[in-house]
Every structure is written in C-alpha cells, then in structure tokens.
Number of protein chains: 2
Amino acid sequence: MGAMDNGEMSNPRSVQRATAPTIHDVAAAAGVSPMTVSRVLGGGKNVRPEKIRAVLDAVAALGYRKNENARSIRPGQRTGLIGVIITNVANPYYAQLQLGAEEVLAGGGFRMLVGNSGEDADRERVLVHDFVGRQVDGLIVVPSGTVSDHLETERVGGVPLVLASRRIEGLATDTVLIDDVAGAFEGTRRLLAEGHTRIAYVGNIKSIFTSRRRLDGFTRAHLTAGLPVDPALVRVGQNDPDAARRAMLELLEVPDPPTAVFSENNRNTVGVVRALTEKRVPADRMRLMGFDDFELSDMIPFPLTVIDHDARELGRTAAQMVVARLNGVADGLAPQQVQLPTTLAD
Amino acid sequence: MGAMDNGEMSNPRSVQRATAPTIHDVAAAAGVSPMTVSRVLGGGKNVRPEKIRAVLDAVAALGYRKNENARSIRPGQRTGLIGVIITNVANPYYAQLQLGAEEVLAGGGFRMLVGNSGEDADRERVLVHDFVGRQVDGLIVVPSGTVSDHLETERVGGVPLVLASRRIEGLATDTVLIDDVAGAFEGTRRLLAEGHTRIAYVGNIKSIFTSRRRLDGFTRAHLTAGLPVDPALVRVGQNDPDAARRAMLELLEVPDPPTAVFSENNRNTVGVVRALTEKRVPADRMRLMGFDDFELSDMIPFPLTVIDHDARELGRTAAQMVVARLNGVADGLAPQQVQLPTTLAD
DNA sequence: CGTACCATTGATATCGATACCAAGAAAGTG
DNA sequence: CACTTTCTTGGTATCGATATCAATGGTACG
C-alpha cells in the first residue's frame with residue numbers, strides 16, 4: 001500500500017535467489033568430472049592429491065553443500081533421519097525424553113524429525129505416514145492410543161520402530177518402559193506402611209497405558225495389604241493441573257475424606273497441591289505421593305514423596321535400540337522389552 | 001563365537017527387507033503409466049475416473065507412499081522441512097517455543113528437523129550446515145553466541161532465517177525477541193518503588209544476548225531512580241540452579257546484604273530460592289523478582305513477582321515469519337524485528 | 001460430415017548424486 | 001623392454017518422481 005517503490009522492482013536480480021551449486025558446478029570449477037568430486041567428498045580414496053585440493057578449493061569457493069536428499073534416493077543409501085513422535089513436548093517429561101534421544105542420535109550422526117501428536121491417534125497416524133514418506137531410517141514413538149494398525153504396517157515396511165514410555169498390546173516391537181506398576185506399588189505400599197487406610201487416587205483415564213499400569217500398581221498394593229480400594233476415592237480422567245485441582249476439591253468433600261493422595265503424574269500432583277493450598281488444608285493433614293518428579297517438588301508445603309524415574313535415560317535407551325537395529329547389532333533378535341526402574345525420593 | 005545357527009543362515013529371504021514399492025510398481029499394478037499415477041496423487045486433474053480408482057486401489061493394495069526425497073530434488077520443489085535449532089530443549093521455556101513453532105508449521109504442512117545446540121556455537125554451525133544440506137525450506141534458530149558467519153552464509157544461500165529469543169548484532173534477518181530491557185526495567189522499578197535500595201542481581205554472563213539486555217534494564221531502572229548499582233551485589237555467569245544457589249549464598253554474606261533479588265531467568269530464580277530456603281531466611285526478609293515464569297512459582301515461600309512472557313507465542317511468531325517469507329508474503333520487505341511484551345505477575 | 005478443440009495418456013528428459021564399468025596412465029615384474 | 005598389475009579418471013546408467021511435449025481419443029460446432 002502507499003507508493004510503489006519502483007527502484008526495487010526494476011532490478012529483478014536483487015530478488016532472484018541464486019540456485020545452490022551442484023556437484024557439476026564444483027566439477028567444472030575444479031576441472032574434473034562430477035565423479036571425482038563425489039569420490040573426494042566420499043573419502044578421497046584413489047584420487048591424486050592435487051585433484052583433491054582442487055576439488056576442496058572449488059567446494060570452499062562455491063560454498064557447495066551436498067544435497068542429502070538427492071544422495072539418499074540411491075538404493076541402500078540411508079537418510080540419517082529418525083522420526084520422533086511425542087505426545088506433548090510442553091510436558092517437561094517428554095522434553096527430557098527428546099533430549100536424551102537427541103544425545104544418542106546426534107552422536108551417531110542421525111538427525112531428528114520431531115512431531116507432536118497431542119495424544120491424538122489420527123495426528124500420530126499422519127505423522128508416521130509422512131515420516132516414512134521422508135524415508136526415515138527409524139522411528140521412536142510415544143503412542144497416543146491403543147490403535148496400532150498404522151504402526152504395524154510401518155513395521156512391515158521395514159522401518160525399525162521403538163515404542164517409548166507406552167506399549168501397545170499385541171504390537172511386537174522394541175519397547176522401553178518405566179516400570180510403572182512396581183513404582184506405583186512401592187509408593188502406595190509406603191503410604192499403607194505409614195498407616196494410611198484412606199488413600200485417594202488422582203490420575204488420567206485407563207485407556208492411557210501408563211495410567212492404567214499405575215492404577216494397577218496402586219490397586220495391587222492395597223490387595224497385598226488386604227485393604228480395599230474405595231471407588232469413591234478414585235478419580236481418573238484428568239491430564240492437566242486444573243482438572244486435577246477440581247478432582248481434588250471434590251475428594252475433600254467426600255464423607256470420611258482421604259488422609260493421603262496418590263497422584264499419577266506431575267500434572268495431577270500440581271493440581272492436587274493447588275487444591276490443597278486453595279482450601280488451606282494444614283500441611284500435616286494430607287500426605288502426598290506423586291508419580292514423576294518435577295522441579296521444586298521439594299518446595300511443596302506438604303509432605304510429598306515422588307516416584308522418580310529418568311525420562312532422559314528413557315530417550316537414550318530408545319535411541320540406542322533404534323541404532324542397534326540399524327547397525328545390525330540386533331539382527332534376528334526378538335523385539336526387546338526394557339523396563340527402567342523407579343526410585344522413591346522424599 | 002558360539003555355535004553357528006545354520007538354520008537361519010540358510011534362508012536369506014527371512015532377513016531380506018522388502019524394498020518399498022515405487023511409483024512404477026503402482027503403475028504396473030494399476031495398468032497405467034507412472035505419469036498417470038503421479039497425476040492422480042497430485043490432485044487427479046484430467047484423469048479418467050476409472051483410472052483414478054485403479055490407481056488408488058493399487059496404492060492401497062501395495063501400501064505405496066511417495067518418496068518425498070525423490071520428489072524434492074526436482075528444481076523448484078520444496079521439501080516442506082523447517083530446521084529448528086534450540087539451545088536446550090530441557091529448559092521448559094524452549095520446549096514451549098518448540099511447541100509454538102510446531103503448531104504453526106504443522107498447520108502449514110511443514111515438518112520440523114530439530115537440533116539441540118547446547119549453547120555451543122560449533123555444534124550450531126554443524127547443525128545449520130547439515131540442515132541446509134537436507135534442503136530445509138527455512139530455519140528458526142536460537143543463536144548460541146555472537147558469531148554469525150555461518151548464518152550469514154546461509155542467508156545468502158537463500159534459506160529464510162528467523163532468529164528467536166536472541167539477536168546477533170550485525171546480522172540483518174527476521175528476528176523475534178522478548179522485550180527483555182523493558183521487562184527487566186519494569187520489574188526493577190517495582191522493587192525500587194517498594195523502597196528497596198539494595199537489590200542483588202543473579203544471572204548469566206553478558207555474552208548471552210538476553211542476559212545482557214536484562215542486566216541493562218536492571219541498570220537503567222537504577223539510573224532512572226538516581227540510585228547506583230552496587231557491583232558487589234551483581235553476580236553473573238550462572239545458568240543452572242546450583243551455580244545460582246552458590247551465588248546467592250555468597251550474596252547473603254556480603255556486608256550490608258540485599259533486601260531484594262532480581263534473578264535473570266527461571267534457572268537462577270530456582271537457585272536463589274534454594275539458597276534462601278537452605279539458609280532459613282525468613283520470608284519477609286527477602287523480596288524476589290524473577291524473569292520467566294515457571295510452574296508452581298506461586299508456591300514459592302517468598303514474596304515473588306515474575307516477569308512473564310509467552311514462549312509459545314514466540315515460537316508461533318517465528319514460524320509465521322518463516323512461512324510468510326516462503327509464501328512470498330514478505331517479499332521485498334526489510335528484515336522484520338518483533339519484540340513481544342512482558343507482564344508482571346505476582 | 002469435416003474441422004477445431006480439449007481431455008487423456010504416455011514417452012522422454014531431468015533433478016543431484018553415486019555404483020559400476022571400461023579406458024588410459026603409472027608402476028612393478030621378469 | 002614386454003607384460004602384468006594397480007591406480008586414476010570419466011562415461012553411462014540409475015535411484016523415484018515430475019515437467020514437458022507429442023500423440024492419441026473424444027466432443028462440439030458449423
């Protein structure tokens with residue numbers, strides 16, 4: 001809008017984007033064939049030193065960069081790309097997972113294509129499809145649901161797949177999990193050992209793999225202790241602090257209210273703490289046990305023990321499993337199932 | 001080592017990985033030419049309905065997926081990849097930035113190649129080089145230092161580049177920043193208005209763009225109020241909670257100690273709080289002001305005000321700027337400089 | 001019914017890089 | 001010095017997909 005700037009428009013060259021130099025341009029500049037350039041950049045075996053220098057000079061002069069996509073279409077050539085699909089990067093837990101995977105992958109010369117599924121199975125399907133179309137060498141997925149057909153197909157397509165944090169029943173593929181059941185069992189057992197008999201549970205719906213397992217550990221600990229789980233004290237379906245906060249507010253109104261709360265993940269723990277603070281519940285009236293550690297958990301003005309685990313290690317392990325399949329180290333091995341331990345931290 | 005498993009070795013087919021079907025396989029299965037398949041998958045204009053159906057059936061039957069890398073080597077074809085280079089995903093602030101970028105990019109059909117520079121300029125250089133070699137359509141970078149030569153070159157190479165969170169002096173390219181100076185100024189002014197005259201500063205080294213700017217705002221607020229900044233109260237060089245904790249412990253031993261602390265980012269705020277808790281400083285004896293909000297900041301047992309800003313919006317904006325350049329919307333426009341506002345939150 | 005026009009289809013060339021092969025140069029052997 | 005061996009080098013074909021063009025087939029209109 002306003003006045004046209006004719007001065008700029010009259011010089012199309014200023015807008016024209018120079019096309020990137022190709023191997024042919026380098027060859028021409030160095031006075032050799034493209035094949036020789038390819039050899040030099042591929043290690044320089046069986047090439048005269050003077051030609052090597054001429055090629056490298058030409059590369060530097062032109063600012064040449066190999067087109068990785070063109071290279072990778074030749075059969076047998078890898079892209080060096082690993083697709084990583086996470087349900088939610090904003091959750092520090094998954095950010096750590098991503099970081100751990102990056103650590104290992106970058107060390108092996110791989111790059112990450114990262115996608116956020118947002119717990120949406122359709123979106124996950126689209127991402128997997130797209131990533132495979134981009135010829136990723138491997139996939140690390142935190143599956144968002146129990147549907148696995150798109151992952152099955154991919155596995156048949158031959159791309160090594162590692163599931164992280166959650167398993168899909170009936171899908172035989174490498175998997176790294178946190179030992180949710182044992183962690184929740186130990187945490188709950190601690191509360192029971194302290195004498196609590198009315199322990200509330202606040203967590204996500206059972207269709208989420210980890211949530212189901214944690215509730216399972218919670219329940220088993222009660223069974224082992226010969227105590228019933230009061231359904232009135234179990235609230236599932238929350239995955240953000242605010243929903244958890246409301247669930248906890250309701251729990252405070254239950255007749256014969258709980259003396260302790262087991263929260264199934266850090267989102268829920270935060271919500272529980274907010275509710276307790278809001279209602280000014282005295283610190284010595286509510287004992288907390290939360291799955292997942294989180295920053296400043298030691299600042300919480302309530303007796304809180306967290307069931308800690310190493311998300312970064314989870315990412316590292318998942319990446320190592322993919323790389324192992326790619327290097328043929330795991331050739332012929334059945335799908336691996338790894339469970340990482342948890343620790344109780346006061 | 002060990003016994004050879006001859007049974008498995010004798011059947012190479014069981015190990016052989018089926019090569020992915022190509023457009024030729026689909027064409028053969030559908031009884032048409034590869035060109036017709038390409039047309040169908042490209043929108044299906046000017047193709048007989050029956051052939052469209054035949055092609056789509058063949059695609060479904062073979063589980064065919066277009067090879068995006070092969071497609072993108074044709075001149076003028078985009079890869080749909082955007083390179084995102086972050087200094088540290090484990091920092092929730094940058095995780096949010098990544099999430100915001102993803103939101104916008106996924107909506108535009110782009111995928112993200114994500115790299116972690118770890119505040120290392122060399123690693124950043126490698127990542128940029130690699131990403132450009134993978135033919136990314138655009139780059140979003142949180143620069144780790146003040147060196148810009150690798151970014152300059154890339155800009156000339158024609159790939160749209162957006163800097164996020166930090167600027168590089170002398171590099172004319174699209175940039176989105178938080179208004180650090182104004183934020184730090186306002187925060188400090190608030191402390192001064194409350195009557196504090198000895199305010200400590202805990203933050204990272206001045207070579208980090210944002211750190212420099214925040215210290216600048218802190219200093220300007222003092223100047224405006226006609227008060228000096230006591231060098232003994234300024235501690236720079238910390239970027240993790242533990243270093244900040246130690247810095248704060250030292251500050252508590254200074255003669256005529258501070259009555260308030262300005263912490264330059266959430267890492268430092270956490271460290272400061274830890275030191276205060278450790279030394280059992282009474283809540284009413286130390287006023288806190290911290291740049292960056294963080295989860296549970298309202299649970300801190302000290303009067304804390306945070307200088308809040310929207311990292312996710314930062315990521316969204318950066319992505320929108322890249323997309324604008326790619327769509328030609330920003331053609332001919334000078335490099336944009338956007339500053340996002342901060343708010344004080346008690 | 002003939003000509004002009006458009007829809008439909010495939011053959012060919014090309015993108016950038018590399019595997020393979022063959023030709024020529026250099027070096028080693030008797 | 002003749003001959004074999006090894007080293008260098010470039011030509012050609014190919015990876016998977018698509019732009020271009022030419023050759024069909026069909027339809028419309030006078």
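Each chain gets a letter, A, B and so on, in the order the sequences are listed, and its residues count up from 1.
Remark on DNA chain C: of its neighbouring residues A/Ser38 and B/Glu50, the 5'-side contact belongs to B/Glu50, judged by nearest-heavy-atom nucleotide. Each of A/Ala70 and A/Val32 was matched to the nucleotide of DNA chain D holding its nearest heavy atom; the match closer to the 5' end belongs to A/Val32.
Taking 4.0 angstrom as the limit, B/Gln135 places none of its side-chain polar atoms (N or O) nearer than this to OP1 or OP2 of C/dG16. For C/dT9, neither phosphate oxygen OP1 nor OP2 lies less than 4.0 angstrom from any side-chain nitrogen or oxygen of B/Thr36. Contact between the side-chain N/O atoms of A/Lys66 and the OP1/OP2 oxygens of C/dT18 is found at a separation under 4.0 Å. Proximity of B/Asn67 to the phosphate of D/dA17: no side-chain N or O atom is located under 4.0 Å from OP1 or OP2.
Across the protein-nucleic acid pair, B/Leu41 atom CG and D/dG16 atom P stand 16 Å apart, rounded to whole Å. One atom, CZ of A/Arg48, and another, C1' of D/dT9, lie 9 Å apart when rounded to the nearest Å. Atoms CD (A/Gln77) and P (C/dA17) sit 12 Å apart, rounded to a whole Å.
The pair B/Glu119-B/Arg166 counts as a salt bridge, with a side-chain nitrogen and a carboxylate oxygen less than 4.0 angstrom apart. Salt-bridge formation is not detected for the pair B/Arg325/B/Asp331: no Lys NZ or Arg NE/NH1/NH2 atom is positioned less than 4.0 Å from an Asp or Glu carboxylate oxygen. The pair B/Arg134-B/Glu68 fails the salt-bridge criterion, with no side-chain N (NZ, NE, NH1 or NH2) lying under 4.0 Å from an Asp/Glu carboxylate O.
Residue B/Pro143 forms a side chain to side chain contact (heavy atoms under 4.5 Å, CB included) with just one option from B/Thr175, B/Leu163, B/Thr87, B/Ile85, and that option is B/Leu163.
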Show me the protein contacts with nucleotides 11-14 of chain D, counting only N or O atoms at under 3.5 Å.
{"unit_1": "D/dT14", "atom_1": "O2", "unit_2": "A/Arg74", "atom_2": "NE", "d": "3.4"}
{"unit_1": "D/dT14", "atom_1": "O2", "unit_2": "A/Arg74", "atom_2": "NH2", "d": "3.3"}

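Fit an axis to the five pairs at each end of the helix from C/dC1-D/dG30 to C/dG30-D/dC1 and the two axes sit 40° apart, to the nearest 10 degrees.
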